[in-house]
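Some notes on the structure that comes next.
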Amino acid sequence: MEITSIHRPKIVVIGSCNTDMVVKANRLPVPGETILGGTFYMNPGGKGANQAIAASRLGAEVTFISKIGYDLFGLQALEIYKSEKINTDFIFTDQKSPSGVALISVDSFGENSIIVAPGASRSLSLEDIDKAKEKIKEADIVLMQLEVPLETVEYAASIANEYGKKVILNPAPASTLSDSFLSNVHTILPNRIEAEMLSGIKVMDTESAHRAAEAIGEKGIENVVITLGKDGAYVKEKDEFTMIPAKEVETIDTTGAGDVFCGAFSVHLSEGHSLAEAVRFANAAAALAVTRIGAQSAIPYKREVIV
Ligand code: ADP
């Protein structure tokens with residue numbers, strides 16, 4: 001019998017809601033250059049939303065704390081979250097800002113570059129977190145990223161910590177973070193760029209990933225998982241270090257791979273699996289996502305993930 005049929009974990013995701021506007025092209029433009037792209041499509045996105053949907057599809061009971069603008073993009077996103085069985089009671093509306101958007105370019109290798117205009121996500125406040133305190137209290141895990149104000153994320157982490165909840169942080173987009181904030185984090189999940197920002201060490205291979213994980217750990221976090229794209233993830237769990245390879249798949253579009261990884265990792269960990277098992281599950285879920293186009297549309301369901 002699957003563990004999930006016994007315990008459906010409760011995960012609170014705090015983060016952004018955006019609409020992704022994606023253009024596929026043969027290559028990414030260099031600064032100052034205009035190139036002709038191919039297909040254009042519009043998809044709901046935002047790291048917070050993507051991770052909330054990933055956690056829900058992968059088996060958790062999810063409450064998403066976020067902020068939308070008073071516009072069609074926001075309303076459309078809300079409908080999608082409801083259809084994904086996500087609790088939307090704590091998605092607040094900012095009457096003065098537009099909903100967030102992300103402009104995404106994807107090249108023929110599936111590599112991407114992204115600009116986010118956060119809009120209403122920028123006004124997710126400490127008061128909003130206070131309104132959702134009871135949900136944080138009921139949660140097994142609180143999962144956050146950095147597309148909403150840092151002070152809000154820091155505040156939510158301190159509250160979650162007071163309640164004895166595990167805080168999982170995906171420090172994206174890359175930022176420098178205070179040690180006092182990081183001491184409230186159970187596991188941090190940076191990609192290569194974010195790991196370099198946090199550690200000052202350029203992550204190119206296993207050896208540099210090891211040094212970066214050690215340096216990040218010295219900031220007061222026990223567990224560090226550096227995601228390494230097609231190479232998998234480098235894991236520091238307390239004093240143990242392991243490289244966990246990715247699944248070999250045909251890469252179509254890597255947009256949102258990290259979000260699937262974070263959602264999957266959080267679900268599996270909150271089901272009571274070990275950190276290494278959670279990373280293996282996350283690698284398997286994210287590998288499925290890169291074989292499909294889009295962010296939310298590429299997120300797999302639990303039944304599809306084979307570790
Ligand atoms: P981000 O999307 O945040 O930049 P990564 O590129 O490190 O993060 O990817 C996150 C995870 O997605 C990886 O750790 C891996 O599990 C999976 N992944 C990404 N790219 C590939 C790929 N080409 N093949 C298989 N798995 C991949």
Side-chain angles (χ1 to χ4, degrees), residues 15-16 18 20 22 28 43 45-51 53-55 58 102 104-116 143-147 168-175 187-199 202-206 208-209 212-213 216 223-236 242-269 275-300 304-307:
S16 61
N18 291 321
D20 291 349
V22 188
L28 303 176
N43 271 325
K47 285 182 186 299
N50 294 348
Q51 294 183 19
I53 292 175
L58 292 165
I104 303 178
S105 316
V106 183
D107 73 13
S108 53
F109 299 103
E111 208 46 73
N112 61 51
S113 75
I114 305 175
I115 300 183
V116 177
L143 170 62
M144 302 191 281
Q145 321 73 33
L146 302 174
E147 286 185 344
I168 311 295
L169 178 69
N170 172 219
S175 315
T187 304
I188 191 161
L189 305 173
N191 66 9
R192 282 192 179 97
I193 293 164
E194 294 140 14
E196 180 181 350
M197 177 69 98
L198 291 167
S199 66
K202 196 163 178 59
V203 178
M204 294 164 306
D205 49 20
T206 309
S208 49
I216 296 167
N223 308 308
V224 180
V225 177
I226 302 177
T227 63
L228 301 167
K230 65 176 172 35
D231 294 328
Y234 192 79
V235 179
K236 172 199 178 297
T242 336
M243 175 73 201
I244 304 186
K247 293 228 161 185
E248 268 184 47
V249 289
E250 191 198 349
T251 306
I252 303 292
D253 178 4
T254 59
T255 312
D259 294 333
V260 172
F261 187 98
C262 294
F265 173 85
S266 301
V267 173
H268 218 59
L269 191 72
L275 199 104
E277 284 169 334
V279 170
R280 274 184 207 103
F281 181 75
N283 270 341
L288 276 175
V290 305
T291 65
R292 303 167 183 175
I293 204 149
Q296 292 179 4
S297 54
I299 299 170
E304 299 178 274
V305 182
I306 299 161
V307 179

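Every number for a ligand or one of its atoms is a count from 1 in the order of the listing.
For Lys47 and Glu194, the salt-bridge test fails: no basic side-chain N is under 4.0 Å from an acidic carboxylate O.
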*Test side chain to side chain contact (heavy atoms under 4.5 Å, CB included) on Thr251 and Phe109 and set out the steps.*
CA-CA 7 Å; Thr251 306; Phe109 299 103; over 6 Å; no
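One distance of note links SG of Cys262 with CD1 of Ile168; it measures 9.0 Å at 0.5 Å rounding.
Thr254 is listed as a side-chain neighbour of Asn112, based on a closest heavy-atom distance under 4.5 Å.
In this structure, the side-chain contact (heavy atoms from CB on, under 4.5 Å) partners of Ile293, at least two apart in sequence or on a different chain, are Lys24, Tyr41, Asp253.
Between Val290 and Ala257, the closest heavy-atom pair is CG1-CB, 3.6 Å.
When heavy-atom distances to ligand 1 are checked against 4.0 Å, the residues falling inside are Asn191, Thr227, Leu228, Gly229, Lys230, Gly232, Ala246, Lys247, Val249, Thr251, Ala257, Gly258, Phe261, Asn283, Ala286, Ala287, Val290, ordered by chain and number.
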